[in-house]
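Below is one structure, written out as C-alpha cells; the observations come after it.
Both counts, for ligands and for their atoms, begin at 1 and track the order of listing.
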Amino acid sequence: MNDPPIARIDPPGFLADPAPAAVLAALPGARAVGGAVRDALAGRPVADVDVAAPFPPEEIAARLAAAGLRVHETGLAHGTVTAVLRGEPVEVTSLRRDVLTDGRHAVVEWTTDWREDAARRDFTMNALSLSARGELWDYFGGRADLEAGRVRFVGDPATRLAEDHLRALRYFRFHARYGRGEPDPAAVAAIREAVGSLSRLSVERIWMELKRLLAAPEPAEAVALMEETGVLPAILGPASLGASRPLRALAVIGAPPDPMLRFDALLTHGSAEAARRLKASNDEVQRLVARYRAGHDLLPLQPAIAEGGPDDDTLRRLLAEQLPERLLDAAWLRQAVNRAWGWQGPGDAAWAHFRERLAALPRPVFPLQGRDALEMGVKPGPEMGRLLAETRRWWLDGGCTADVVACRTRLAMLMSDIHGNALPKR
Ligand code: ATP
Ligand code: MG
C-alpha cells in the first residue's frame, strides 16, 4: 500500500534538530511533511517542522509520551498533538483522508496510506514527505513544480477549491513565495470560477491568510493576480480595485516589508474599517486609525517636504501629535500612492530626507502634568483639563520648545486671565 520513495536526499539540517529527531525516532514510519520538506528542498530556512505518522492520534500521544516527550493534546479531535522537547514544539498529525467537506470544514478519518494523506494536501509542493533517513516521497510531482516555480493544485483545481474555499487564498500566498513566471492556467481558471464562494469563508480565516500573503518578500504580483481574478474585490470590496498599484509602488520606493503597511496600501482610505470588518485585532485596527490621522496631518506638508522642509518647529509639532512610527508609515504610503497614480508630490530624495529627520528627532513631551497644576492651586476637574489643554496648545504653537518653567508661567497667566487680565504674547 505504501510506495517506495522516489529519491534519497542528503538529510537536511532540520532532521537533526533535537525535537524533530526525537519525534521521528519515537514513531516508526513517521515522516516530516509539508512546509519543512518543501523549504529544505528549496534551500530555504525551515520554520516549523510538521510530522505525520500512520497511527491514530491517541496512539501517537502514547508513543511520544513513552519516549519521554512532553505532549499537548490540544488538537486531538483533528488528529494533531504537539510534542515539545527543550521548548521546541513539533506538530504531529495522524495520516488522514477526507470523508466529508463543505468548503469550510472537513470530516476526516485516520488512514495508514501516505498517498491518501498527500492527496488531501493543497499543492504538489506541499505534499512531499521525508523520512529521518532522507527518503523522499513525492506523489504528485511537487519537487519538479517547486524547482520550476509552479504552484499547482494536487488533483483537479475546481474540486479542491470546492472542498476548501480557503485554498484560493492560499494559492496566492504560495504563488508569491514560490512562484516564478506565468501562474498555472488551470489553477487561475478554477479560482476565477470559484470567486463567488469566497463570501462563505469566515472573516477571521481571510484576515489570517491575507496577512500571511502580505508577509511574503514580494507580494505585489500575486496581489495583482488576485485583483485580476476578482478575488481581491470579493474579500475587500470594490474599493480595492487598483490596489496592487500602490503595493507595487511601495516595493519600488524600498518601503519596509511590513504586512500591515502593505494592507494599508490596498485600501488607503478605508483600511481601518476593512480591518475591523475582518475582525483584525484591536491593536491592528488602532494602528491603521493612527496612520490615517498621521496621514491627514502630513498631507498639507507635502509642498514643504518637497523643498527639504518643513522647519524643526513644525516637525516637532507633528511628532508631538502623532506617533513617529505612524508618521513614517504615512510618509511611505503617501509617496507610494503619489507614484502609483502619477500625482504631484515631493521627489523620492525629499521623502527620504523627511523620513530621516523624523526618525532622528526625539519625540517632544509636554512638560506639565496634572500634578503641576495642582501644586499651582488649580482644582481638579474640567477647569484643570481646559487650562492644561490651553497651555499645551501654546506649547505646540511655539514648536514644543517651552520648558517646564515657561509652561508653568503660561499656566499661571491663563489662571489670572480667568480673573480678567489680558495675556501677553509669548
Ligand atoms: P508556512 O511555512 O507558511 O507555514 P506550510 O506549508 O507549513 O507553510 P501551513 O499552512 O502551516 O503551511 O500548512 C501545513 C501543511 O498542511 C501544508 O504544507 C499543506 O500540506 C497542508 N495544508 C494546510 N492547509 C491546507 C488546506 N487548506 N488544504 C489542504 N492542505 C492544507
Ligand atoms: Mg506551517
Can you pull the residues with any heavy atom under 4.0 Å from ligand 1?
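For ligand 1, the contacting residues are Gly34, Gly35, Arg38, Asp50, Arg120, Arg121, Asp122, Asn126, Asp164, Arg167, Arg170, Arg173, Phe174, Arg177, Arg212.
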Quick test of your reading of the model: are Arg120 and Asp98 salt-bridged, counting only N-O distances below 4.0 Å?
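Salt bridge present between Arg120 and Asp98.
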Using 4.0 Å as the upper bound for N to carboxylate O, is an ion pair formed by Asp258 and Arg287?
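Yes, charged N to carboxylate O under 4.0 Å.
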Nearest 0.5 Å, please: how far is CG in Leu267 from CG in Leu232?
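Nearest 0.5 Å value for the CG-CG distance: 7.5 Å.
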Would Arg96 pass as a cation-pi partner of Trp110, given that its NZ or CZ must be under 6.0 Å from the six-membered ring centre and within 45 degrees of the axis?
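Geometry flag: not set, cation outside 6.0 Å or 45°.
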Run the side-chain donor-acceptor check on residues 179-189: report pairs under 3.5 Å with partners two or more places apart or on a different chain.
{"residue": "Arg180", "atom": "NH2", "partner": "Glu147", "partner atom": "O", "Å": "2.4"}
{"residue": "Asp184", "atom": "OD2", "partner": "Ala187", "partner atom": "N", "Å": "3.2"}

Taking the ring of Phe263 and the ring of Trp207, is the distance between their centroids below 6.0 Å?
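Yes, ring centres under 6.0 Å apart.
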